[in-house]
Number of protein chains: 2
Amino acid sequence: MARLPFSQQVRQAREDAIVDAVNRLLAGKGFDLMTMDEVAAEVGIAKASLYKHFDSKEALAAAAMKRLLNRARFELDRVEALTELDPLGRLQAVVRWTMGVQLAGEMPSLPSQNSSLRTALMADMDYMTLLLGVSERLSGWILQAQAAGQLGATVPPEVVLYTLFARACDPVLAVLKAGGHPDERIIDWVMATTFDGLRAR
Amino acid sequence: MARLPFSQQVRQAREDAIVDAVNRLLAGKGFDLMTMDEVAAEVGIAKASLYKHFDSKEALAAAAMKRLLNRARFELDRVEALTELDPLGRLQAVVRWTMGVQLAGEMPSLPSQNSSLRTALMADMDYMTLLLGVSERLSGWILQAQAAGQLGATVPPEVVLYTLFARACDPVLAVLKAGGHPDERIIDWVMATTFDGLRAR
DNA sequence: GTCTATATGAAGATAGAC
DNA sequence: GTCTATCTTCATATAGAC
């Protein structure tokens with residue numbers, strides 16, 4: 001493992017701090033309402049300095065999203081190593097993890113509608129590669145779980161995948177948190193509605 | 001029924017046209033990305049004229065939301081009159097309706113995070129009254145369905161209510177529509193995941 | 001690379017004639 | 001009430017000194 005020069009380590013640490021702040025702000029108020037002034041203030045540097053590290057606001061958000069996807073990939077590795085889990089158990093573990101991230105205020109939220117950010121992300125090859133990688137690993141587990149009869153087969157795998165992604169940024173979590181419920185209970189409830197459905201079993 | 005003076009009828013028709021345009025734009029790009037210039041262009045009047053009818057951008061969005069809630073109230077009446085439906089059936093009918101509205105591009109979407117719009121809406125008594133009314137009628141059906149053993153009782157009614165609201169603006173619908181699936185099938189899929197859950201029954 | 005100061009543009013809202 | 005033209009604010013992005 002080659003050691004980086006000290007100056008590059010410093011630069012890396014600073015960029016991590018920037019992405020930290022962006023992640024927090026993205027989780028708290030979203031892309032449109034986040035301003036570069038706020039980011040700079042949060043990090044404690046001048047706004048112009050931000051642009052020495054990232055080309056644009058979109059690039060900043062993209063960096064936060066890429067870090068999230070890397071965290072997700074790491075989590076997928078961890079869950080895959082848990083040999084006591086079956087495919088459904090793995091999916092549930094990952095969904096639980098995403099909800100925990102959101103309740104911790106660390107889930108950067110993108111505008112679901114089209115915007116400058118969406119187009120920037122779709123043109124970002126690194127981001128798209130990461131996203132595709134995570135999607136395909138999840139899809140594999142979904143297919144296994146369906147084949148094993150653990151997941152319902154009335155709905156195509158595609159729909160299951162999108163549903164799981166949607167739970168990662170479900171606004172219901174924030175509403176329940178605002179209602180004063182503890183995180184663990186919130187997660188249990190939303191896990192129950194997601195996997196067991198609203199109808200009585 | 002007193003007949004309004006002609007001039008007021010004209011005014012009313014114009015304001016309806018404005019709210020139509022706002023509704024479309026809110027559904028398509030959301031509050032933050034909608035601009036007053038676009039609204040004016042869509043209606044075919046000057047931007048300054050908008051302000052003769054509505055005080056602010058927030059007031060414009062509030063008008064669209066209020067009209068949606070009135071449509072919802074009307075739908076609740078319609079479903080309540082269907083005597084062949086039980087409480088669960090009524091809830092499902094309403095959720096189906098909301099999904100249809102969204103797929104038709106007529107569901108104005110609010111930013112889920114705090115913003116100027118949220119505070120404006122919370123201060124709007126007409127809006128809050130409508131919202132509370134719809135919530136309470138739905139809550140009544142939820143309680144009935146739980147008492148009848150049709151809805152799972154592991155989750156509090158509150159959570160069921162929020163989950164149903166969330167389905168009305170579920171981004172999964174738009175993604176599936178972009179995937180080229182017909183509206184009816186999309187609705188069936190999301191209804192299945194919502195009420196039956198992802199796990200096999 | 002960091003800063004202060006500024007350019008540029010977009011968007012909400014208004015002035016004032018008709 | 002409708003229009004054109006304008007005001008004001010604010011946010012992205014950049015210039016240029018150190």
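We use all heavy atoms of the structure for the numbers below, so side chains are in, but hydrogens, waters and symmetry mates are not. Below, chains carry the letters A, B, ... as their sequence lines are ordered, and counting in each starts from 1.
Remark: B:Ala147 pairs with no residue by the side chain to side chain contact (heavy atoms under 4.5 Å, CB included) rule, at least two apart or across chains. In this structure, B:Arg118 has no side chain to side chain donor-acceptor pair (under 3.5 Å) partners at least two apart in sequence or on a different chain. Remark: B:Ser49 pairs with B:Ile45, B:Ala46 by the side chain to side chain contact (heavy atoms under 4.5 Å, CB included) rule, at least two apart or across chains. Among residues two or more places apart in sequence or in another chain, the side chain to side chain contact (heavy atoms under 4.5 Å, CB included) test is passed with B:Asn70 by B:Arg73, B:Leu130.
In this entry the distance linking CZ of A:Phe54 with P of D:dT14 reads 16 Å, nearest Å. Rounded to whole angstrom, the span from the NZ atom of B:Lys57 across to the P atom of D:dT9 amounts to 19 Å.
The list of side-chain hydrogen bond (donor to acceptor under 3.5 Å, both in side chains) pairs with a residue in residues 85-94 of chain B, not counting sequence neighbours, reads B:Asp86-B:Gln150. Pairs engaging residues 181-201 of chain B under the ring-ring contact (aromatic ring centres under 6.0 Å, His included) rule: B:His181-B:Trp189 [sequence neighbours left out].
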Cut-off 3.5 Å, no hydrogens considered: what does the side-chain donor-acceptor table look like for residues 32-42 of chain B, sequence neighbours left out?
unit_1  : atom_1 : unit_2  : atom_2 : d
B:Thr35 : OG1    : B:Glu38 : N      : 3.1
B:Thr35 : OG1    : B:Glu38 : OE1    : 3.4
B:Asp37 : OD2    : B:Lys47 : NZ     : 3.4
B:Glu38 : OE1    : B:Thr35 : N      : 3.0
B:Glu38 : OE2    : B:Lys29 : NZ     : 2.4
B:Glu42 : OE2    : B:Arg24 : NE     : 3.0
B:Glu42 : OE2    : B:Arg24 : NH2    : 3.4

What side-chain donor-acceptor pairs closer than 3.5 Å can you find for residues 159-178 of chain B, not counting sequence neighbours?
unit_1   : atom_1 : unit_2   : atom_2 : d
B:Thr163 : OG1    : B:Val159 : O      : 2.7
B:Asp170 : OD1    : B:Val172 : N      : 2.8
B:Lys177 : NZ     : B:Asp183 : OD1    : 2.8
B:Lys177 : NZ     : B:Asp183 : OD2    : 3.4

Enumerate, atom names and distances included, each donor-acceptor pair closer than 3.5 Å involving a side-chain atom of residues 59-68 of chain B, sequence neighbours excluded.
unit_1  : atom_1 : unit_2   : atom_2 : d
B:Lys66 : NZ     : B:Asp124 : OD2    : 2.9
B:Arg67 : NH1    : B:Asp20  : OD1    : 2.9
B:Arg67 : NH2    : B:Asp20  : OD1    : 3.1

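Remark: A:Met34, A:Thr35, A:Met36, A:Asp37, A:Lys47, A:Ala48 in residues 32-50 of chain A come within less than 4.0 Å of DNA chain D through at least one heavy atom. For DNA chain C, no neighbouring residue in residues 12-26 of chain B is found when judged by any heavy atom under 4.0 Å.
In 5' to 3' order, the nucleotides of DNA chain C bounding all contacts with chain B (an atom under 4.0 Å from a heavy atom) are C:dA11 to C:dA15.
For the pair A:Lys57 (side chain) and A:Leu117 (backbone), a donor-acceptor distance under 3.5 Å is absent.
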